[in-house]
Amino acid sequence: MYKDFSIKPPFFEIGPKAYLYGRDVLELALAAERACEKYDVQIIFTPQYTDIPLLSNETKRLLVFAQHMDALCVGRGLGSVLPEAVKAAGAKGVMLNHAEHPLGLSVLNQTIKRADEIGLATIVCADSLEDASAIAHFAPNIIVAEPTELIGTGKTSGLDYVLSTTKAIKDVNPDIHVLQGAGISTPQDVYDVIYAGAEATGCTSGIVKADDPIGMVDEMIHALRDAWDARHKAF
């Protein structure tokens, strides 16, 4: 776990994947930046590698993360993603083990250690309860708990999954933040998962495929803030 990284719930992750790049992704990032300030929340934004310098230079509050990196050291490795290069480009952290770019547990552990070495925070995806518990032993900064079969479906995780995965992770390491993802496609989905007990959530297709992606960012971050505040008033 990269000790110098700090993030405060509630927070949100926006993952453009390969849908947006260049000026289009910058426009979305600037909308996310405005939402950060308006609702006083932190947003992790994971653009294409080539857009990391652009977004890092043009935003102040956004936490720009790489979509992946490899565990290699400086030297040979044509076609690989060098951790030092990711940091030099301006990234604050890296996403690992997404369903579209899975890693074996031993490789994942090694890659998290490399991120820690050079000062990159880690947000690591987990599918099942067992995966979440195993990955928690590697001490990433954030674990994304999302059933792979729900990604991009518009169907969200049930309350039992939210509560059980959060507990399993916190039982291993209470310092790890838990982001509950998969199937988040509307502001109501955001509200529901945060009110149910999540520290954070995130979205890709619900934003980038919306008729008004800029407006959707604002609506989702508004829902995040409202749900967090309502939950803490209720309990």
Side-chain angles (χ1 to χ4, degrees), residues 1-8 11-37 41-126 135 138-144 175-177 179 181 200 202 204 207-208 217:
M1 181 179 289
Y2 176 45
K3 300 298 185 182
D4 290 341
F5 176 75
S6 177
I7 194 166
K8 182 179 72 172
F11 60 93
F12 198 86
E13 185 265 332
I14 299 175
K17 297 186 179 178
Y19 288 104
L20 301 174
Y21 60 91
R23 303 306 298 182
D24 289 338
V25 81
L26 176 60
E27 184 179 2
L28 189 67
L30 291 174
E33 176 95 340
R34 293 191 294 270
C36 284
E37 296 176 357
V41 300
Q42 291 171 286
I43 296 177
I44 294 171
F45 203 98
T46 55
Q48 292 286 301
Y49 305 118
T50 49
D51 290 317
I52 291 172
L54 174 65
L55 270 54
S56 296
N57 290 333
E58 295 293 331
T59 63
K60 295 179 180 179
R61 294 191 53 163
L62 217 59
L63 298 171
V64 179
F65 278 38
Q67 294 185 4
H68 170 76
M69 75 177 196
D70 297 298
L72 79 164
C73 296
V74 176
R76 295 189 177 189
L78 190 148
S80 300
V81 182
L82 180 68
E84 283 82 355
V86 166
K87 185 174 183 182
K92 301 296 184 184
V94 60
M95 174 172 277
L96 298 170
N97 199 45
H98 190 273
E100 295 173 10
H101 203 148
L103 300 174
L105 287 178
S106 62
V107 173
L108 179 59
N109 189 22
Q110 184 182 3
T111 310
I112 291 171
K113 288 179 179 178
R114 282 286 286 126
D116 291 343
E117 281 176 18
I118 66 166
L120 286 171
T122 46
I123 178 169
V124 181
C125 301
I135 291 169
F138 303 154
N141 294 91
I142 303 163
I143 290 180
V144 180
D175 293 330
I176 297 172
H177 291 299
L179 185 156
T204 295
I207 291 173
V208 301
V217 168

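All figures in this text were calculated on a predicted structure; none of them were measured in a lab.
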Specify the closest pair of heavy atoms between [X] and [Y], including all atoms of both residues, with the distance to one decimal.
X: Q42; Y: S6; answer: NE2-O, 3.7 Å
X: A32; Y: I14; answer: CB-CD1, 3.9 Å
X: S56; Y: A89; answer: OG-O, 4.1 Å
X: F65; Y: A121; answer: CZ-CB, 3.9 Å
X: A66; Y: A91; answer: N-CB, 4.2 Å

Check for a donor-acceptor pair, side chain of [X] on one end and backbone N or O of [Y] on the other, with a separation under 3.5 Å.
X: T122; Y: N141; answer: yes
X: T204; Y: G15; answer: yes
X: D51; Y: Y21; answer: no
X: E13; Y: I43; answer: no
X: E33; Y: L62; answer: yes

- Message: F5 vs L63, test: side-chain contact (heavy atoms from CB on, under 4.5 Å). Steps then yes/no.
- Response: CA-CA 10 Å; F5 176 75; L63 298 171; 4.2 Å; yes
- Please work out which of the three classes, parallel, tilted or perpendicular, describes the rings of H101 and H68, given edges at 30° and 60°. parallel
Does any part of the side chain of [Y], heavy atoms only, come nearer than 4.5 Å to the side chain of [X], both counted from C-beta?
X: P16; Y: Q48; result: no
X: F138; Y: D116; result: no
X: V217; Y: F12; result: no
X: L120; Y: M69; result: yes
X: I135; Y: L105; result: yes
X: T111; Y: D70; result: no
X: P140; Y: I123; result: no
X: I44; Y: L179; result: no

- Item | Steps toward side-chain contact (heavy atoms from CB on, under 4.5 Å) verdict (R61, E37) | CA-CA 8 Å; R61 294 191 53 163; E37 296 176 357; 3.5 Å; yes
To the nearest 0.5 Å, what is the distance between [atom1] ([X]) and [atom2] ([Y])?
X: N97; Y: L108; atom1: CG; atom2: CG; value: 5.0 Å
X: M95; Y: E100; atom1: CE; atom2: CD; value: 10.5 Å
X: K92; Y: I52; atom1: NZ; atom2: CD1; value: 12.0 Å
X: L96; Y: I142; atom1: CG; atom2: CD1; value: 11.5 Å

- Item | Test ring pair (Phe, Tyr, Trp, His ring centres under 6.0 Å) applied to Y2 - qualifying residues, sequence neighbours left out | none
- Are F11 and V41 close enough, and set up right, to give a side-chain contact (heavy atoms from CB on, under 4.5 Å), and what steps lead you there? CA-CA 6 Å; F11 60 93; V41 300; 5.8 Å; no
Pairs of donor and acceptor atoms involving the side chains of residues 76-84, under 3.5 Å and at least two apart or interchain, shall be tabulated with distances.
from	atom 1	to	atom 2	distance (Å)
S80	OG	G77	O	3.2
E84	OE1	R114	NH2	2.8
E84	OE2	R114	NH2	3.1

